[in-house]
Structure formats: structure tokens, C-alpha cells
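Treat the numbers as computed from the prediction; the structure is a model and nothing was measured. So you know, we letter chains A, B, ... as the sequences are listed, proteins then strands, and number each from 1.
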There are 2 protein chains.
Amino acid sequence: MTQSPRTQPRPVRKTRAGEANESRILDAALGAFAERGFHGTSLADVASAAGLSKPNLLYYFRSKEALYVAVLGRTLEAWLDPLRALDAARDPREALAEYVARKLALSRDAPLASRLFATEILQGAPRLMAVLEGDLADLVASKTAVIRRWIADGRLAPVDPHHLIFAIWATTQHYADFAVQVRAVSGGDLSDPEFHAETVAAVTRMLLEGALPR
Amino acid sequence: MTQSPRTQPRPVRKTRAGEANESRILDAALGAFAERGFHGTSLADVASAAGLSKPNLLYYFRSKEALYVAVLGRTLEAWLDPLRALDAARDPREALAEYVARKLALSRDAPLASRLFATEILQGAPRLMAVLEGDLADLVASKTAVIRRWIADGRLAPVDPHHLIFAIWATTQHYADFAVQVRAVSGGDLSDPEFHAETVAAVTRMLLEGALPR
DNA sequence: GTCTATAAGCGGATAGAC
DNA sequence: GTCTATCCGCTTATAGAC
């Protein structure tokens, strides 16, 4: 499932130029929607950022809503990917550390996607509810089983699996979603390699070892 | 500083009825802005939710922007409060546990305020930047000193103070800001006392003790 | 203080030429 | 496929009576 369902048909792209346009539109739309939200973004913004006219944009996507859904759909897979990779067969310390590292890499490399999803979920996820209750819930259910197994084997402390996953999501996405606050308060930014490395180390350490002395 | 600066003067409230109206408007506006964002909210929405006409609303607040800033200002203190209460004199385990508990209580009792700030910061904090770089940065600086002292005394593991604070903010606010996702994935909601208690215990445990067996 | 009426402008979407 | 011109509804804000 690489595309979200579309309510209305839309021209199938045939030419190289058409595909390139569609891609440029989606990039421009991601930036606009992530920074100003659905209602704060006008089609004129997106069209000019993508370098074409408003009616031409609407030739590629039949409505603002359809464009928004397409942007969400395109970024969805990258969003779900790191959790899919959480590997039951590995040592929990390594597997969880790698999950944190992948999520933080995503916060650094795709902060706009993170903010887009954050905004959507903050507002009640009207267009993502089906995914949250479907694919995401299923995926999380399978991963909580992995965590429970680790706990049963004594390789992980008896932490609630759901809350562990929430804690990883929250701490890692924080650096993308609240980047301006992080910067205002600490001066750091994930785009700075040094700060990124410190963040990976600090977040991994806190989640795995905790803040109290051992 | 209980009010944010206002660019334009506005009628000073004199009567009981006037104050009550102003308060009802701010409540209605908080709900609307938190759920649909600044641009997704119309003054007609707010006016009808507050039980008065649109022009009458604009008698109390001279513009939509002024209303939005007033809502932000009114909720700001409650937002900063728990961190102010983080007490250097106490045992770090107890002080941090209480901070987590207070933040989670706020996520349960004032989720709309949490979502309002989250949306604002996500979009670059255009109207809060001064606070983030001023009061908040100062407050955080004083609290990182507390944490550093605890570490120097060997009462806390050598975690980076900024990242510890970010981790607490992220994990606690997650349950308000991403409540629909939490519910979709785990079925829980902070308004359920049992889930709230579990959450306090799980988050505190993870941050203090970590996920690995001790 | 509160209302009805209305001005003024923006933004999504379409018509239709090229 | 791409554009110019345009329609039309919605929204902020004001005028002015009560």
C-alpha cells in the first residue's frame, strides 16, 4: 500500500515532465502544510513554490483536500518504517538503541514530515484515523509482543510495552516537532552533527539506563 | 507578567457581566484554536460557542489575532508552573517524580492548552518566540544548574540536563498532544483514572530507572 | 454593550483559449 | 498541459442603529 485511497480519480501521469511536476508539487505542499497547516496554506502558495499556476496545480490534484491527502500518503511509509525494523531476534539493548537512532535520524532528515503528522494528529487525525487504528495499531500490537517476550526472558525490565513505545516516539520526534523550542532553550539543532550525536547518546541512555545512578 | 503585550488598546473591563463575557470568549477560543488551529477557526465559531454575536466578540477583542494572543497569554502561566516548582532542595528521585506527575496531571486536566502550545511551537512559535528565548530559557537555565548539582553530588547519573528536561516534556505532553493516537494504539486515555495512574508509574519508572533490568 | 447590515478581500475552484 | 480570466462563497472587520 504505497498510496492512500483517493475519493476522486485524477489524471494518470504518463510523461516524464508530468511526473516531475507532480513530485515538485508534493514537495512544495509538504513544506507549506507542515509549516502553516492545512488551513494556513493557500493553493497560490503551493503553486508558486512549485513554479506553476494555480489552475495547473489543480490539473494535477483535483482539490486542496486531495493534494493534502496525497502528501500524507507519500510520507506515511517512511514514518512507519523504523518501527517495522524493530527486530525481535536481536538483543533488546541493541534493537531499542537502533530504533531510537533511526527515529532521531528521521527527525533530522525529514522534520517537515514529522511536523505534518504531528499537526494532523494534534487536530484529531481526521484523515489518518483509519491508519492509526489499522496498520499502526496492528504494527504496535506485534511489537508490544516482542517487548513482552524480552521482559519474560528477563532481558528487559518490566516496563509497559505501550508506554515504552510512546516514550520513544515522544522523545525522538520532539527534536523535529519542537525544534524551535529546543533551539531557544539549549541552542542545539539536530542539523548540527555534534548536537545530533549528543542527542542520540543522551536519549538512548535515559530510556535504557534511566536518570538515577546505577 | 500575567499578560502578554498587546499591540492595540482594548476596552478595560468594568462590569461583572463584561468580565464573565471575556472569560467565556477566552474559553471558547481556547477550544476552537486548540482543535482547529488559528486559520481553521473562524470568529463565527468562537462567537457562537461563547453565545454572542461576531461584532460583539470584536468589541471585546479588536481582532482575531488579539484574541489568539490573549488566549496564549492566559494559558502561559499554567504551562510554566510545574517547572518552576522543581525543587533543588529535595531528593532528585522525588523531585523529578513529582515534576512528571504534575506535568501528566496538566496533560489530563488541560489538554487543550497543551495542544494550543504544541501547534504554536510546531509552526515556528511566531508569537511565543520571545517567551521561549526569555522567561523559558532563563527558567530552564536555572533548572539545569539544579540537575548539574545533583549529578555532581552523585545523586543522579550523568545525564545531559537539557535532554532530561526535553525527555520529561516530550513524554508527558505526548499523552495530551497525541491523545487520539494513544487511544487508537493502546485504547487508553488520561481521563480514565486507571490509565492515568499506570501512565504516571510507567513514565516515572522509565525516566528514572530505564528500560534495562537493574 | 449588543445587534443587523454590509463592506472588502481572500481563496478554492472552473471556463475556456491556446 | 498550461495559461488568463473569472465566479462565488467564506471570513474579517466596520458602520451605525438601538
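Per the geometry, CD1 belonging to A/Ile25 stands 12 Å off C1' belonging to D/dT2, to the nearest Å. Atom CZ of A/Arg16 is separated from atom C1' of D/dG1 by 16 Å (rounded to the nearest Å). Between the CG atom of A/Asn21 and the P atom of D/dC3 there is a distance of 9 Å, given to the nearest Å. With rounding to whole Å, B/Glu22 atom CD is found 14 Å from C/dG1 atom C1'.
For D/dC3, one of the phosphate oxygens OP1 or OP2 lies less than 4.0 angstrom from a side-chain nitrogen or oxygen of A/Ser53. At least one side-chain nitrogen or oxygen of B/Tyr60 sits closer than 4.0 Å to the OP1 or OP2 atom of C/dT2. Between C/dC3 and B/Asn56, a contact under 4.0 Å exists linking OP1 or OP2 to a side-chain N or O.
The minimum heavy-atom distance between B/Val46 and B/Ala28, with the atom names listed, is O-CB, 3.9 Å.
The closest donor-acceptor contact from the side chain of B/Thr119 to the backbone of B/Gly37 lies at 3.5 Å or more, if one exists at all. For A/Lys103 (side chain) and A/Thr171 (main-chain N/O), no donor-acceptor pair under 3.5 Å exists by modelled atom type. Without hydrogens or angle criteria, A/Arg115 side chain to B/Gln123 main chain gives no donor-acceptor distance under 3.5 Å. No donor-acceptor pair closer than 3.5 Å links the side chain of B/Ser114 to the backbone N or O of B/Ala110. With hydrogens and angles disregarded, no donor-acceptor distance shorter than 3.5 Å links the side chain of A/Glu22 to the backbone of A/Tyr60.
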Per-nucleotide protein contact string for nucleotides 10-18 of chain C, where B marks a base within reach and S marks sugar-phosphate only (heavy atoms under 4.0 Å, - for neither) = --BBB----

